[in-house]
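Following: one structure in structure tokens, then a few remarks.
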Amino acid sequence: QVRLVESGGGSVEAGESLTLSCTVSEVTIKDTCMGWFRQAPGKERERVATIDKRGRTSYSDTVKGRFTVSSGNDGHILYLQMNSLKPEDTAMYYCAVEVTTGWSCTDWTPSPLGHWGQGTQVTVSS
């Protein structure tokens, strides 16, 4: 079973930065989508950022220009660099990975075949 573990969450003040990491226990030579999702209390899960095997990235409009997603170690680790954090960014952040067939991960929503981490909490105070 593929295991993902997030780390790097914490409490910061608005305007500060935070970097999240996600370690992936196993990788595949197949095409994949990897990315970050978040969910705040009382709200639906939201796609934050995605990256595919070719390094192509996508971002939600609410984080575009502030967040950067990247991968390293041949897909064994996933990062989310978050700058200029806002209170609205407060949520539980989850990383996910799934084998996919498609031209991009822009509209990716993990299926039951996808793998998720347990999440890391990000809290931004005003």
Side-chain angles (χ1 to χ4, degrees):
Q1 181 72 26
V2 177
R3 287 193 278 263
L4 287 73
V5 180
E6 301 95 338
S7 63
S11 298
V12 298
E13 295 183 357
E16 295 184 344
S17 298
L18 205 59
T19 299
L20 307 182
S21 299
C22 172
T23 59
V24 183
S25 65
E26 300 177 14
V27 298
T28 179
I29 62 173
K30 299 177 180 179
D31 291 336
T32 60
C33 287
M34 300 180 69
W36 292 92
F37 299 78
R38 67 187 182 186
Q39 187 167 25
K43 301 182 66 177
E44 294 187 348
R45 187 182 65 199
E46 174 190 14
R47 184 193 306 106
V48 176
T50 67
I51 185 168
D52 65 18
K53 275 288 187 69
R54 297 177 60 179
R56 298 177 298 184
T57 59
S58 68
Y59 301 91
S60 70
D61 290 338
T62 56
V63 308
K64 192 174 300 182
R66 299 187 297 119
F67 290 11
T68 302
V69 63
S70 61
S71 63
N73 295 334
D74 296 321
H76 280 91
I77 190 165
L78 183 70
Y79 299 103
L80 184 67
Q81 175 66 49
M82 304 182 293
N83 298 324
S84 301
L85 282 163
K86 305 175 180 180
E88 305 91 87
D89 296 317
T90 296
M92 184 73 74
Y93 284 71
Y94 302 89
C95 62
V97 61
E98 184 173 23
V99 175
T100 60
T101 301
W103 296 104
S104 77
C105 302
T106 300
D107 299 317
W108 170 51
T109 297
S111 77
L113 297 178
H115 302 278
W116 294 86
Q118 294 299 308
T120 185
Q121 178 68 38
V122 172
T123 302
V124 184
S125 61
S126 60

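If you read the sequence from its start, that first residue is 1, and numbering goes on from there.
In summary, the aromatic rings of Trp108 and Phe37 are positioned with their centroids under 6.0 Å apart.
Transitive grouping of hydrophobic side chains (ILVMFWY, heavy atoms separated by less than 4.5 Å) keeps Tyr79 and Val69 in distinct clusters. No continuous path of hydrophobic side-chain contacts links Ile77 to Trp36 [ILVMFWY only; heavy atoms under 4.5 Å]. Hydrophobic clustering, with ILVMFWY side chains joined whenever heavy atoms are under 4.5 angstrom apart, groups Tyr93 together with Leu18. Trp116 and Ile51 fall into different hydrophobic clusters, defined by Ile, Leu, Val, Met, Phe, Trp and Tyr side-chain heavy atoms under 4.5 Å apart, directly or through other members. When the side chains of ILVMFWY residues are joined at heavy-atom separations under 4.5 Å, either directly or via intervening members, Leu4 and Tyr94 end up in two distinct hydrophobic clusters.
Under the 3.5 Å distance criterion, the side-chain polar atoms of Ser111 are matched with a main-chain donor or acceptor of Leu113. Under a 3.5 Å cut-off, the side chain of Arg3 and the backbone N or O of Ser25 do not form any donor-acceptor pair. Of the possible polar contacts, none joining the Glu6 side chain to the Leu20 backbone as a donor-acceptor pair under 3.5 Å is found. In terms of modelled atom types and a separation under 3.5 Å, the side chain of Arg47 and the main chain of Ser60 share no donor-acceptor contact.
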Q) What's the verdict on side chain to side chain contact (heavy atoms under 4.5 Å, CB included) for Gln81 and Ser70, showing C-alpha distance, side-chain angles and the deciding distance? A) CA-CA 8 Å; Gln81 175 66 49; Ser70 61; over 6 Å; no

Q: Apply side chain to side chain contact (heavy atoms under 4.5 Å, CB included) to the pair Arg45 and Thr109, showing each step before the final yes or no.
A: CA-CA 10 Å; Arg45 187 182 65 199; Thr109 297; 3.8 Å; yes

Q: May I have the step-by-step check of side chain to side chain contact (heavy atoms under 4.5 Å, CB included) for Gln1 and His115, ending in yes or no?
A: CA-CA 9 Å; Gln1 181 72 26; His115 302 278; 3.1 Å; yes

Q: For side chain to side chain contact (heavy atoms under 4.5 Å, CB included), just list the numbers for Thr90 and Gln121, CA-CA rounded to whole Å, side-chain angles, deciding distance to a tenth of an Å, and then say yes or no.
A: CA-CA 8 Å; Thr90 296; Gln121 178 68 38; 4.0 Å; yes

Q | salt bridge (charged side-chain N to carboxylate O under 4.0 Å, His left out) assessment of Asp89 paired with Lys86 | A | CA-CA 5 Å; Asp89 296 317; Lys86 305 175 180 180; over 6 Å; no

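Of all heavy-atom pairs spanning Ala40 and Ala91, the tightest one is N-CB, 3.9 Å. Considering all non-hydrogen atoms of both residues, Lys53 and Lys30 come closest at NZ-O, 2.6 Å. Here the shortest heavy-atom pairing between Pro87 and Ser125 reads CG-C, 4.4 Å.
The distance from atom CD of Glu98 to atom OG1 of Thr32, rounded to the nearest 0.5 Å, is 10.0 Å. Here the straight-line distance linking atom CZ of Arg38 with atom CG of Leu80 works out to 9.0 Å at 0.5 Å rounding. The CE atom of Met92 sits 8.5 Å away from the OG1 atom of Thr123 when rounded to the nearest 0.5 Å. Annotation: the span from Ser17 atom OG to Asn83 atom CG amounts to 3.5 Å, rounded to 0.5 Å.
Counted within 6.0 Å of CD on Gln39, heavy atoms from surrounding residues, nucleotides or ligands total more than 12; the atom is thus considered enclosed. The 12-atom threshold is exceeded at CZ of Arg56, counting heavy atoms of other residues, nucleotides or ligands nearer than 6.0 Å.
Using modelled atom types and a 3.5 Å distance limit, the side chains of Thr100 and Asp31 yield no donor-acceptor pair. Thr50 and Ser58 share a side-chain donor-acceptor pair at under 3.5 Å.
A 4.5 Å side-chain heavy-atom check between Met82 and Val122 finds at least one atom pair inside the cut-off.
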